[in-house]
Amino acid sequence: MKSRLASPLRRLRDHRSHCGNRHLRPLVAVAAAGAASVLFAGAVSSAFAVEPARYSGIQPDQSLPTNAADSGYEFTLGGGVGVSPRYMGSDEYRATPALNLALQTPFGVFIGLSGIGYRLSLPAGFFVSAALSYDDGRKDDPKGLDSGSKKLRGMGDIKGSLFTTLQAGYTISDLAVVSVATDIPLTNRDRGNIYRFAVDSVVYKSATDSVGIGASAHFASGKYAQTYFGVTANQSLNSGFGQYAPGGGLYGVSLTANWTHKFTKHWSTTVAGGVMRYTGNAAKSPVVFNKTNYQAAATLDYTF
């Protein structure tokens, strides 16, 4: 993630010819940062996500258009603390480390909340991206930073999954970015797919400060709704929750806000927050103890 909010208001930089030895060191950085992001993925998602997917993340989405430095390369390391619900619909909260690792390149490769991916600019302000990431699922007897709660005992664990995120969007002048996206699991595919429609905007920007807001609508396939909000007959017998079979569709809406203050060229801090409201069949689930979840995080970041 950049030391200041990655502005979703500017169009993607035009692709230029990038050949020669000057790319060797950046490519090494891409590989190193990619390996680190896989190692840190669980901790990052625990600190920043109201839901397993990063679509309700409270930090800027690296798959969106950005305004990287003139060189086109920017690498950020940072950390802090976050507070988030133990799982979707939980009434329990926990503090977690908020790790920050982000890389931007001029040739489309990025590392961020959407995982390791590639973004392609298209004519007239359109863009598409594809990313690979990992979600660690949900535990009914969590340890450490695991998502889940002992209130879910008998529900069984939801296994972690490697998934791909496909996204397409459009930049509306200097006003906003409108995007649609989907998470498709590549392993443990029975957990189902989720989809998002989002609008992201920067409402204030100065030499040292930037404020961004975002709004998203979240949709689930029938399998996903059953995995995270349903209760099968066997789960009902083991846990005591009433049997429940929700259908797919809209399951929540979220609002997010970010404030980044830049101390120097390299150092900055970001304070962010978000709220997720579960709706429809998800809100009626016996495992949803609170229809509204909140989250917050603060990080100190170094960019070079």
Side-chain angles (χ1 to χ4, degrees), residues 41-42 44-46 48-57 61 63 84-90 113-115 117 130-140 142 146-149 151-152 154-168 179-198 215-236 239 241-254 256 274-293 295:
V44 172
S45 63
S46 295
F48 288 151
V50 162
E51 59 175 340
R54 275 142 296 279
Y55 285 157
S56 59
D61 188 342
S63 63
S84 62
R86 295 206 62 87
Y87 68 92
M88 289 191 291
S90 176
L113 296 176
S114 297
L132 191 66
S133 191
Y134 182 80
D135 169 59
D136 60 359
R138 188 184 74 189
K139 305 292 191 299
D140 69 356
D146 290 342
S147 297
S149 170
K151 288 186 176 183
L152 299 177
M155 289 292 294
D157 294 343
I158 298 174
K159 295 181 179 180
S161 178
L162 182 69
F163 62 90
T164 183
T165 298
L166 305 178
Q167 187 172 28
S179 63
V180 293
T182 179
D183 274 359
I184 302 174
L186 303 178
T187 61
N188 300 315
R189 299 182 64 182
D190 287 343
R191 64 188 285 161
N193 303 342
I194 54 175
Y195 313 91
R196 176 201 67 165
F197 173 78
S216 301
H218 306 261
F219 302 84
S221 67
K223 284 185 177 181
Y224 187 91
Q226 182 63 47
T227 298
Y228 281 94
F229 303 109
V231 181
T232 66
N234 188 55
Q235 288 173 326
S236 178
S239 67
F241 292 118
Q243 191 171 340
Y244 186 64
L250 179 69
Y251 70 90
V253 292
S254 65
T256 60
V275 58
M276 180 83 162
R277 176 70 178 182
Y278 296 101
T279 62
N281 292 333
K284 301 174 185 177
S285 170
V287 301
V288 172
F289 289 91
N290 196 327
K291 297 178 183 179
T292 303
N293 279 167
Q295 60 181 150

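- For K151, the side chain to side chain contact (heavy atoms under 4.5 Å, CB included) partners at least two apart in sequence or on another chain are D91, E92, S149, F289.
- Counting all heavy atoms, side chain and backbone alike, V231 lies closest to G242 at CB-O, 3.4 Å.
- A donor-acceptor pair under 3.5 Å is absent between the side-chain atoms of Y228 and the main chain of I158, judged by distance alone.
- Judged purely by atom type and a 3.5 angstrom limit, T292 has no side-chain atom pairing as donor or acceptor with the backbone of R277.
- Judged by distance alone, the side chain of S254 and the main-chain N or O of M276 form no donor-acceptor pair under 3.5 Å.
- Using a 4.5 Å heavy-atom threshold, the side chains of M88 and S90 count as separate.
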Test side chain to side chain contact (heavy atoms under 4.5 Å, CB included) applied to F219 and I194, step by step: CA-CA 6 Å; F219 302 84; I194 54 175; over 6 Å; no
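- A donor-acceptor pair shorter than 3.5 Å cannot be found between the side chains of S147 and R138.
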Intermediate values then yes/no, side-chain hydrogen bond (donor to acceptor under 3.5 Å, both in side chains), N193 and T182: CA-CA 7 Å; N193 303 342; T182 179; 5.2 Å; no
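- The side chain to side chain contact (heavy atoms under 4.5 Å, CB included) search around K223 returns D190, S221, not counting sequence neighbours.
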Worked verdict on F163 versus Y134 for ring-ring contact (aromatic ring centres under 6.0 Å, His included): CA-CA 6 Å; F163 62 90; Y134 182 80; 8.0 Å; no
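- Under the side chain to side chain contact (heavy atoms under 4.5 Å, CB included) criterion, T232 pairs with Q226, N234, Q235, sequence neighbours left out.
- For A130, the side chain to side chain contact (heavy atoms under 4.5 Å, CB included) partners are L166, not counting sequence neighbours.
- Side chains of S285 and Y244 form a contact here, defined as non-hydrogen atoms less than 4.5 Å apart.
- Partners of R189 by side-chain hydrogen bond (donor to acceptor under 3.5 Å, both in side chains), not counting sequence neighbours: none found.
- The closest donor-acceptor contact from the side chain of S239 to the backbone of M155 lies at 3.5 Å or more, if one exists at all.
- Between R191 and D135 there is a salt bridge, since a side-chain N of the basic residue sits under 4.0 Å from a carboxylate O of the acidic one.
- When each of N293, L152, V288 is paired with Y87, the side-chain contact (heavy atoms from CB on, under 4.5 Å) condition holds for L152 and for no other.
- Considering only residues two or more places apart in sequence or on other chains, T164 meets the side-chain hydrogen bond (donor to acceptor under 3.5 Å, both in side chains) condition with none of them.
- Aromatic ring centroids of F229 and Y251 lie under 6.0 Å apart.
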